[in-house]
Amino acid sequence: MGKYFIAILLSVSIVPGASANDREDAVCGIIQEPFMFWLWSSVAPAPDISRVSQLKFVEPVEYQASDGKTLRGYKYLSNDGNQHQVPAKGYVLMALGNAMISDQIIGSLRELSEKHYDVYIYDYRGYGNSEGRRRINAIIEDYKELSMSLNQHYERKLLYGISLGGAVILNVIGSGVEYDAAVIDSSPSLLSDYGCPERIDPLVNLPQDASKLLVITGQKDSVLSESMTSKLRESAHARGAKTVHGKNYSHPFMDRTDVIHNQRMDLVINHLIAQ
């Protein structure tokens, strides 16, 4: 299941410079691309408000993209961990893996909110409660817009991408969007080996000065093998990024124990707030 799943992920391609009017075009086949995204979304759970209804400081958010589609997700408000909301130092925008939705993960980012950051997670369009058709080009363009919009309202600008979301975040960074720190956790190095244009390769979008980045990979990752992730990690290290190839790490949010997961999240949080 894992190898088949990632093979489908890596077969996606997009076109550059897509406008708001055509961002939802099927750019890898009018049958193939909708089918692939149908497979992804079939693995993702249905929205369930009970996952967040008891979480203090979590509230729903919406963003209208430039093509008119509404993205929905959640915001974890900055707080002091003691039942008091406090002014935010900045924001954290997280881009999820391709079988996740926002209400699954937002609660896991409580510690970032307690470091005095507003934390945002949106369902990709066509997933969860977000409108639109599920297309890779649309996802990348949406996250460019989200980042630029949040940058207008916050001093500190932090990005966090896991799996497919890591590739999305690197495309945001490669487009020139301003940021202060980013974590890329278990992103493939290349998509072009699987038929995608080189311009969306995570490796191509890696900045020459990667000192703001933390790149994490896992030695026990059954979704993305070492051969799929090592070039990005090694190139990032050569360009000044912090890198970790965790001996006990699986794919993000799939670690075998809470202890391992918490160790991984400590790396994420410490990098983001220390930059």
Side-chain angles (χ1 to χ4, degrees), residues 6 9-20 22-23 27-28 33 65-66 91-98 120 122 124-125 135-151 157-217 221 223-245 251-252 268 271-272 275:
I6 198 63
L9 182 157
L10 294 174
S11 67
V12 177
S13 64
I14 70 170
V15 294
S19 71
D22 64 9
R23 73 172 53 181
V27 295
C28 52
E33 184 170 348
S66 59
Y91 76 84
V92 179
L93 175 64
M94 182 178 186
L96 295 166
N98 61 5
Y120 294 82
Y122 287 86
Y124 292 142
R125 62 172 60 205
R135 301 291 185 269
I136 186 62
N137 182 60
I139 291 171
I140 290 172
E141 294 302 317
D142 288 344
Y143 268 75
K144 290 177 185 177
E145 284 191 21
L146 285 166
S147 301
M148 290 187 289
S149 176
L150 289 169
N151 283 359
K157 309 161 183 70
L158 308 178
L159 304 171
Y160 177 25
I162 64 173
S163 194
L164 176 65
V168 171
I169 292 298
L170 280 170
N171 271 269
V172 170
I173 291 170
S175 75
V177 172
E178 183 182 355
Y179 74 104
D180 291 300
V183 175
I184 308 299
D185 194 346
S186 301
S187 174
S189 304
L190 300 170
L191 302 181
S192 55
D193 284 351
Y194 303 87
C196 300
E198 290 184 357
R199 59 187 163 276
I200 67 164
D201 277 341
L203 193 56
V204 168
N205 284 280
L206 184 69
Q208 288 301 314
D209 178 1
S211 58
K212 297 179 182 179
L213 299 184
L214 167 63
V215 176
I216 302 173
T217 55
D221 192 335
V223 177
L224 287 172
S225 68
E226 165 72 0
S227 64
M228 295 176 178
T229 60
S230 59
K231 288 181 181 179
L232 179 63
R233 185 187 68 247
E234 291 165 2
S235 293
H237 180 76
R239 298 180 192 186
K242 297 177 183 176
T243 59
V244 174
H245 188 39
H251 210 55
V268 171
H271 175 77
L272 290 175
Q275 289 293 302

Problem set entry | Heavy-atom donor-acceptor pair, Y143 side chain to M94 backbone, under 3.5 Å | yes

Problem set entry | Heavy-atom closest pair, residues P188 and P202 | O-CG, 3.0 Å

Problem set entry | Pi-cation contact, Y91 with K157 (under 6.0 Å, within 45°) | no

Exercise. Within the distance-only criterion (no hydrogens, no angle test), does the side chain of N205 pair as donor or acceptor with the backbone N or O of I173 below 3.5 angstrom?
Worked result: no

Exercise. Could you state the interatomic distance from OG (S175) to CD (E141), rounded to the nearest 0.5 Å?
Worked result: 8.0 Å

Problem set entry | Electrostatic pair R233-E226, nearest N-O below 4.0 angstrom | yes

Exercise. Does D221 have any side-chain hydrogen bond (donor to acceptor under 3.5 Å, both in side chains) partners at least two apart in sequence or in another chain, and if so, which?
Worked result: H251

Problem set entry | Minimum side-chain heavy-atom gap I216-V268 below 4.5 Å | yes

For this session: Report yes or no: does S186 contribute a side-chain atom to a donor-acceptor pair with the main-chain N or O of S163 at less than 3.5 Å?
Result: no

For this session: Output yes when a side-chain donor or acceptor of S187 lies under 3.5 Å from a complementary backbone atom of I184, and no otherwise.
Result: no

Exercise. Between CG of L96 and CG of L164, what distance do you get to the nearest 0.5 Å?
Worked result: 9.5 Å

Exercise. To the nearest 0.5 Å, what is the distance between OH (Y120) and CG (L150)?
Worked result: 5.5 Å

Problem set entry | Any S147 side-chain heavy atom under 4.5 Å of L93 side chain | yes

For this session: Please check if the side chain of S235 supplies one atom and the backbone of K231 the other of a donor-acceptor pair under 3.5 Å.
Result: yes

Seminar exercise, completed: One should read off an interatomic distance between I139 CD1 and N98 CG, to the nearest 0.5 angstrom, of 8.0 Å

For this session: Keeping the roles fixed (side chain from E145, backbone from S66), state whether a donor-acceptor pair exists under 3.5 Å.
Result: yes

For this session: Any chance you could lay out the side-chain contact (heavy atoms from CB on, under 4.5 Å) test for V215 and V183, step after step, and finish with the verdict?
Result: CA-CA 6 Å; V215 176; V183 175; over 6 Å; no

Problem set entry | Straight-line distance of L159 CG to K212 NZ, nearest 0.5 Å | 10.0 Å

For this session: Step by step, work out the side-chain contact (heavy atoms from CB on, under 4.5 Å) result for L206 and R239.
Result: CA-CA 9 Å; L206 184 69; R239 298 180 192 186; 3.8 Å; yes

Exercise. Rounded to the nearest 0.5 Å, how far does OH of Y179 lie from CG of N151?
Worked result: 12.0 Å

Exercise. Can we say R125 and D142 salt-bridge, meaning some charged N sits less than 4.0 Å from an Asp/Glu carboxylate O?
Worked result: yes

For this session: Please answer whether the main-chain N or O of I200 pairs with a side-chain N or O of N171 as donor and acceptor at a distance below 3.5 Å.
Result: yes

Exercise. With a cut-off of 6.0 Å (strictly less than), are more than 12 heavy atoms of other residues, nucleotides or ligands near NE2 of H245?
Worked result: yes

For this session: Of all the heavy-atom pairs spanning H271 and A181, show the shortest one and how long it is.
Result: NE2-CB, 4.2 Å

Exercise. Between T229 and T217, is there a donor-acceptor pair closer than 3.5 Å when you use the side chain of the first and the backbone of the second?
Worked result: no

Problem set entry | Check against side-chain contact (heavy atoms from CB on, under 4.5 Å), I169 and Y160 | CA-CA 7 Å; I169 292 298; Y160 177 25; over 6 Å; no

